[in-house]
Undergrad: 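Okay, here's the structure, questions in a sec.
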Amino acid sequence: MSQQPPIPVPAGPLGGSSALPAVAAGLGEAPPAAPVPAVPREPLPADVRDRPVPDVSHGAILYLEGVNVAFDGFKAINDLDLSIDDGELRCIIGPNGAGKTTMMDIITGKTRPDSGQVYFGQTVNLLELREAQIAQLGIGRKFQKPTVFQGHSVFENLELAMQADKRVRRSLFAQLDAGQRARIDEVLGIIGLRGHERRPAGALSHGQKQWLEIGMLLMQNPRVLLVDEPVAGMTEQETAQTAELLVSLAGKHSVIVVEHDMAFVRSIARKVTVLHEGHVLAEGTMDQIQANPKVVEVYLGEGA
Amino acid sequence: MRGFLSLHTRTGWLAFATLTALLLIAVPLLNALPADSALHLPDYLVPLLGKFCCYALVALAMDLIWGYTGILSLGHGVFFALGGYSMGMYLMRSMAGQGVYRSQLPDFMVFLNWKELPWFWHGFDQFWFAALMALAVPGVLAFVFGWFAFRSRIKGVYFSIITQALTFALMLLFFRNETGFGGNNGLTDFKQLLGFSLAEPGVKLGLYWISACVLLTVYLLAQAIVHSKFGRVLTAIRDAESRVMFCGYEPLYYKLAVWTLSAVLCGLAGALYVPQVGIINPSELEPTQSIEMAVWTAVGGRGTLAGALLGAATVNGLKSWFTVAAPELWLYVLGALFVGVTLFLPQGLIGLVRRLRPGKTEEVRA
Ligand SMILES: Nc1ncnc2c1ncn2[C@@H]1O[C@H](COP(=O)(O)OP(=O)(O)OP(=O)(O)O)[C@@H](O)[C@H]1O
Ligand SMILES: [Mg+2]
């Protein structure tokens with residue numbers, strides 16, 4: 001509810017409307033993603049290898065079909081179909097209240113849909129799992145409002161997020177080994193917070209908190225990152241750095257980014273999904289999306 | 001060992017060593033001085049200090065659950081009282097035949113014309129059994145209560161209100177004579193503990209000394225806990241529970257663990273308290289009693305263990321003084337203290353101490 005989306009209407013060449021793939025026809029089989037350079041997957045650390053590996057033989061790492069959610073009769077998500085390919089970077093845009101955050105709530109187990117299916121890979125039914133179990137599978141999430149552990153230092157934030165045995169018994173005696181310290185240091189470098197590791201997270205700037213939160217996701221060695229409005233409140237320079245970071249993560253991870261900032265989306269997008277009233281309105285490249293009359297109408301109607 | 005030493009800064013260890021020396025060495029020495037010496041610690045103060053140690057133990061337990069985990073319990077009096085009653089039952093049983101009625105049954109049962117011991121009093125003639133129950137009964141009750149409350153994700157003020165209701169309900173139950181715990185009068189007139197007469201000053205000093213040892217040990221244990229990864233998860237739950245969940249932790253089990261531990265510590269405090277004070281009755285279950293426990297922690301400073309100790313000592317010290325000097329004023333003073341600290345010292349007295357000590361302020365809270 002924070003900001004109005006800029007209207008994505010370039011005076012581009014007309015006649016692009018038919019180029020849009022018909023989406024959400026209930027098939028769930030999305031058209032092939034815009035070419036993403038196939039990055040060879042690094043060998044995963046041992047503790048990650050131990051967790052159940054999603055079956056991605058059909059290409060999809062996340063798969064939603066016919067999902068519905070109503071809050072007191074108001075349909076926030078309405079027959080939503082979505083398929084995310086393994087290693088893909090997907091942008092999701094849509095006006096305020098389109099259901100973007102709710103969609104992430106469903107994937108991460110925070111909200112239970114009234115009907116529909118949500119799968120991780122071919123076989124893992126996410127609707128049967130609790131939040132923590134879904135996180136343990138390797139689905140990480142950044143909240144719309146940056147959420148870090150204010151009282152803990154930056155280092156401790158990353159330590160707590162780190163992929164590990166997270167049961168009570170183990171946490172009482174857990175000690176960091178050299179490899180884990182190195183991993184924390186590496187992530188500190190990636191998110192540009194080296195030298196800040198002893199500061200309380202509550203003392204960081206807004207942009208730094210956003211990065212710390214992304215860093216916490218990385219510590220979980222996630223297969224999928226769900227990133228809700230990562231550049232809200234960031235300076236132009238911070239935004240550019242964030243774009244670079246997210247692009248560099250794609251391939252190794254599947255990344256889903258929800259964002260209002262169209263310039264930002266354009267700078268990172270391979271494939272864009274437009275949500276409207278809890279339903280997929282259009283899907284395609286940024287150019288295809290911006291040329292789509294349905295999209296233009298929704299944004300014009302909303303922004304007017 | 002190095003890990004253990006790193007629990008405290010140098011100043012911290014120094015303060016701890018000073019406190020240890022004061023409690024374990026200075027108090028007995030001062031008590032041993034001749035009665036006409038200016039520094040003599042009179043006998044009647046010894047059980048009072050012992051009582052303070054028990055309260056400080058409760059404040060530590062409260063701080064673990066409220067200060068560190070962000071769960072405000074207004075029902076910790078329940079666990080304290082259950083520990084106290086367990087010990088009280090042992091003390092009653094151990095004086096069988098020495099009561100007013102010279103009966104094998106506790107006096108109040110004779111008075112109620114009961115012919116035999118109720119089933120739940122069996123075993124309490126054994127000290128080990130009573131000691132075990134003093135920890136197990138609060139622990140099991142807390143576990144079951146916490147399981148349902150935390151699993152249904154009851155949080156914040158709702159949780160506090162339910163705990164307050166719990167202590168109120170238990171108070172009503174214990175007030176009834178038929179419940180079998182001495183009703184209104186509770187359990188009192190104890191004679192001896194493990195064969196030692198409770199009237200002896202030496203025994204009182206010994207009980208005080210044991211309470212102080214327990215307090216210091218639990219303090220170190222609690223330090224180790226809050227400095228472990230487990231402790232950091234607790235604070236993380238306080239600051240951003242949903243983030244904890246989406247990091248892959250199940251907050252339910254963490255809350256349950258610290259909640260149960262906190263209750264067990266209260267039971268321990270209650271068990272140490274009763275032989276020194278000589279009575280346990282349902283007034284310990286009054287809702288205000290539990291609220292006062294929260295005030296100790298708030299006044300001292302939530303989220304620091306030293307603050308909990310300081311708060312319990314300050315509030316109870318003031319209370320002891322006021323209830324003699326101006327009893328009618330005490331509740332106003334308590335209220336004013338609580339409001340004042342909440343408004344002006346959000347980090348409690350310990351925050352004030354730290355502010356007055358130059359430097360070291362940007363230090364990350366543990
Ligand atoms: N827990 C809830 N209870 C009631 N209504 C809700 C709840 N969560 C979301 N909604 C409603 O569902 C709709 C979709 O909300 P959602 O937060 O998913 O939108 P969004 O696309 O993320 O919007 P924004 O761009 O403003 O973040 C909104 O109308 C919102 O008010
Ligand atoms: Mg949103």
Side-chain angles (χ1 to χ4, degrees), chain A residues 47 51 104-105 107-110 130-143 145-176 197-203 212-213 216-217 219-222 226, chain B residues 1-4 6 64 67-70 143 146 150-153 221-261 301-304 346-347 360-366:
Chain A
D47 45 356
R51 64 189 175 202
M104 292 198 169
D105 287 346
I107 296 171
T108 54
K110 188 173 174 215
R130 291 187 302 274
E131 293 98 322
Q133 293 173 312
I134 292 174
Q136 287 277 357
L137 280 176
I139 298 181
R141 166 175 198 186
K142 197 198 94 53
F143 291 102
K145 179 173 167 287
T147 312
V148 294
F149 305 131
Q150 309 265 359
H152 286 304
S153 68
V154 169
F155 185 92
E156 289 168 333
N157 268 272
L158 295 177
E159 179 222 355
L160 287 176
M162 180 158 42
Q163 173 66 32
D165 186 335
K166 288 176 172 167
R167 283 173 298 182
V168 171
R169 218 161 352 113
R170 299 297 295 275
S171 72
L172 272 168
F173 304 101
Q175 296 289 337
L176 288 177
E197 58 265 32
R198 292 186 59 84
R199 287 178 66 194
L212 176 56
E213 202 175 357
M216 290 169 75
L217 297 195
M219 290 306 302
Q220 299 176 52
N221 293 319
L226 303 168
Chain B
M1 192 64 204
R2 240 188 54 220
F4 184 72
S6 69
L64 284 177
Y68 284 90
T69 320
F143 187 87
F150 298 139
R151 210 182 50 151
S152 350
R153 301 200 176 171
L221 179 83
Q223 278 291 0
I225 287 175
V226 301
H227 281 89
S228 69
K229 185 175 175 194
F230 174 76
R232 287 192 285 281
V233 174
L234 296 183
T235 316
I237 289 175
R238 177 192 72 191
D239 290 347
E241 183 168 348
S242 55
R243 172 46 74 210
V244 173
M245 229 159 23
F246 292 118
C247 279
Y249 298 92
E250 301 270 11
L252 167 65
Y253 300 114
Y254 282 82
K255 291 181 184 177
L256 206 52
V258 70
W259 168 250
T260 306
L261 173 70
R302 272 178 290 156
T304 60
Q347 310 205 8
K360 291 259 176 191
T361 31
E362 252 286 79
E363 198 81 350
V364 178
R365 246 181 328 134

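Please read these numbers as outputs of a predicted model, since none were measured by experiment. Just so we're on the same page: letters track the sequence lines, and every chain starts at 1.
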Undergrad: Please check: side-chain N/O of K110(A) versus main-chain N/O of F246(B), any donor-acceptor pairing under 3.5 Å?
TA: no
Undergrad: Taking all non-hydrogen atoms of both residues, which atom of A236(B) and which atom of L160(A) are closest, and how far apart?
TA: CB-CD1, 4.0 Å
Undergrad: Pick whichever of E159(A), M216(A), M219(A) has the most heavy-atom pairs under 4.5 Å with chain B.
TA: E159(A)
Undergrad: Under a 4.5 Å cutoff for heavy-atom pairs, which residue among E250(B), K229(B), R243(B) has the most contacts with chain A?
TA: R243(B)
Undergrad: Can you sort out the partners of R169(A) under salt bridge (charged side-chain N to carboxylate O under 4.0 Å, His left out), two or more places apart, ordered by chain and number?
TA: none
Undergrad: Residues two or more places apart in sequence or in another chain: which of them pass ring-ring contact (aromatic ring centres under 6.0 Å, His included) with F149(A)?
TA: none
Undergrad: Side chain, backbone, both or neither: which part of I134(A) has an atom under 4.5 Å from a heavy atom of chain B?
TA: neither
Undergrad: Identify which part of A257(B) has an atom lying under 4.5 Å from any heavy atom of chain A, answering side chain, backbone, both or neither.
TA: side chain
Undergrad: Between atom OH of Y254(B) and atom OG of S171(A), what is the distance when rounded to the nearest 0.5 Å?
TA: 3.5 Å
Undergrad: How close do C247(B) and K166(A) get, heavy atom to heavy atom, and via which atoms?
TA: O-NZ, 2.5 Å
Undergrad: Between R170(A), E213(A), Q133(A), which shows the greatest number of heavy-atom pairs under 4.5 Å with chain B?
TA: E213(A)
Undergrad: Could you grab the distance from atom CG of D239(B) to atom OG1 of T147(A), nearest 0.5 Å is fine?
TA: 11.5 Å
Undergrad: Measuring heavy-atom distances to chain B, does F143(A) have an atom under 4.5 Å in its side chain, in its backbone, in both, or in neither?
TA: both
Undergrad: Where on Q175(A) is there a heavy atom nearer than 4.5 Å to chain B: the side chain, the backbone, both, or neither?
TA: neither
